[in-house]
Amino acid sequence: MNASKIDVATRRALVKPVTEFAKAHELSVGFVMSAVLWAGEKQPIEITNMVNAETVASYNAELARREAARSQQVAGMVANAIPASARTEENVQAVTARVFAVIQAARKLSIPALKEVINTEVAALTAPPAHSQN
């Protein structure tokens with residue numbers, strides 16, 4: 001179900017101006033359309049006037065804000081998962097980097113899957129080193 005405030009006719013009317021704007025500014029059409037639709041959700045009546053650089057800049061700022069909040073949330077989850085005896089800034093950063101590598105490779109993870117990755121990485125951090133027998 002699409003709960004969008006922006007009707008199909010309006011979306012269709014945006015295709016040409018969005019495509020022209022995207023090409024003129026060497027941006028992805030999908031990215032510009034996402035920016036316009038994101039901004040248009042707040043002011044659907046004004047949406048046809050939102051195909052501009054200000055809308056794209058606002059959308060970029062919102063994506064950066066969301067990424068920073070997500071990074072902070074994951075780092076906090078990692079820090080809380082590491083036992084206090086092993087919780088150093090170095091360990092938190094190392095595990096967080098490995099968790100983000102998994103997230104990047106998977107593209108998206110659910111919260112339970114994210115917690116599983118964190119627990120796996122923390123277990124690897126706190127496990128005693130394996131001794132080779134030669």
Side-chain angles (χ1 to χ4, degrees):
M1 181 174 122
N2 186 357
S4 176
K5 297 176 186 176
I6 303 160
D7 62 30
V8 174
T10 302
R11 288 171 185 256
R12 285 186 184 138
L14 288 171
V15 171
K16 184 177 180 187
V18 164
T19 302
E20 290 171 355
F21 180 86
K23 286 181 181 179
H25 292 85
E26 297 179 4
L27 296 168
S28 157
V29 173
F31 178 77
V32 175
M33 183 64 86
S34 294
V36 171
L37 293 175
W38 169 78
E41 285 292 322
K42 297 174 200 155
Q43 298 175 314
I45 294 171
E46 299 293 323
I47 195 166
T48 55
N49 298 323
M50 294 182 176
V51 182
N52 57 48
E54 184 180 331
T55 298
V56 172
S58 294
Y59 187 62
N60 265 331
E62 175 63 12
L63 292 178
R65 183 198 66 76
R66 290 178 186 183
E67 182 61 31
R70 183 169 182 246
S71 295
Q72 185 177 12
Q73 179 184 27
V74 171
M77 292 171 72
V78 167
N80 289 332
I82 296 174
S85 60
R87 192 179 304 141
T88 64
E89 187 62 30
E90 183 180 280
N91 284 345
V92 171
Q93 288 178 0
V95 173
T96 300
R98 290 194 302 271
V99 168
F100 275 115
V102 172
I103 291 170
Q104 187 72 21
R107 309 253 314 147
K108 289 186 179 181
L109 288 178
S110 64
I111 295 298
L114 175 60
K115 287 180 179 179
E116 185 177 325
V117 169
I118 290 170
N119 290 336
T120 300
E121 293 298 334
V122 168
L125 172 74
T126 58
H131 296 289
S132 62
Q133 295 177 347
N134 289 356

Next item on the list: Kindly compute the distance separating CD1 (I47) from CG (D7), expressed to the nearest 0.5 Å.
Entry: 9.0 Å
Next item on the list: Quick one: list whatever passes salt bridge (Lys or Arg N to Asp or Glu O under 4.0 Å) with E62, sequence neighbours left out.
Entry: R65, R66
Checklist line | For the student: nearest non-hydrogen atoms of V92 and A75, plus distance | finding: CG1-O, 4.1 Å
Item checked: P17 versus A13, closest heavy-atom pair with distance -> CD-O, 3.3 Å
Checklist line | N80 side, atom CG; R87 side, atom CZ - distance, nearest 0.5 Å | finding: 6.0 Å
Next item on the list: Mind listing the closest non-hydrogen atom pair of M33 and V18 along with its distance?
Entry: N-CG1, 3.7 Å
Item checked: Test log, rule side-chain contact (heavy atoms from CB on, under 4.5 Å), inputs L37 and L14 -> CA-CA 9 Å; L37 293 175; L14 288 171; 4.1 Å; yes
Checklist line | Check: N119 side chain, K115 main-chain N or O, donor-acceptor pair, under 3.5 Å | finding: yes
Next item on the list: State, yes or no, whether a side-chain contact exists between F21 and V36 at a heavy-atom distance under 4.5 Å.
Entry: no
Item checked: Atom pair CD1 (I118) and CD1 (I111), whose distance is rounded to the nearest 0.5 Å -> 8.5 Å
Next item on the list: Find the distance between CG (N49) and CD (Q43) and round it off to the nearest 0.5 Å.
Entry: 10.0 Å
Next item on the list: Would you mind reporting whether Q73 and L114 have side-chain heavy atoms less than 4.5 Å apart?
Entry: no
Note to self: Tell me which pairs pass ring-ring contact (aromatic ring centres under 6.0 Å, His included) where either residue lies in residues 39-63, with sequence neighbours left out.
What the structure shows: F31-Y59, W38-Y59
Note to self: For M50, is there any backbone N or O sitting under 3.5 Å from a side-chain donor or acceptor partner on T55?
What the structure shows: yes
Next item on the list: Would you indicate whether the side-chain heavy atoms of V122 and P83 approach each other to under 4.5 Å?
Entry: yes
Next item on the list: Kindly state each residue pair satisfying ring-ring contact (aromatic ring centres under 6.0 Å, His included) with at least one member in residues 60-94, sequence neighbours excluded.
Entry: none
Check: Has K16 got more than 12 heavy atoms of other residues, nucleotides or ligands less than 6.0 Å from its NZ?
Finding: no
Margin query: With rounding to the nearest 0.5 angstrom, report the CD to CG distance, E121 to N91.
Written below: 12.0 Å
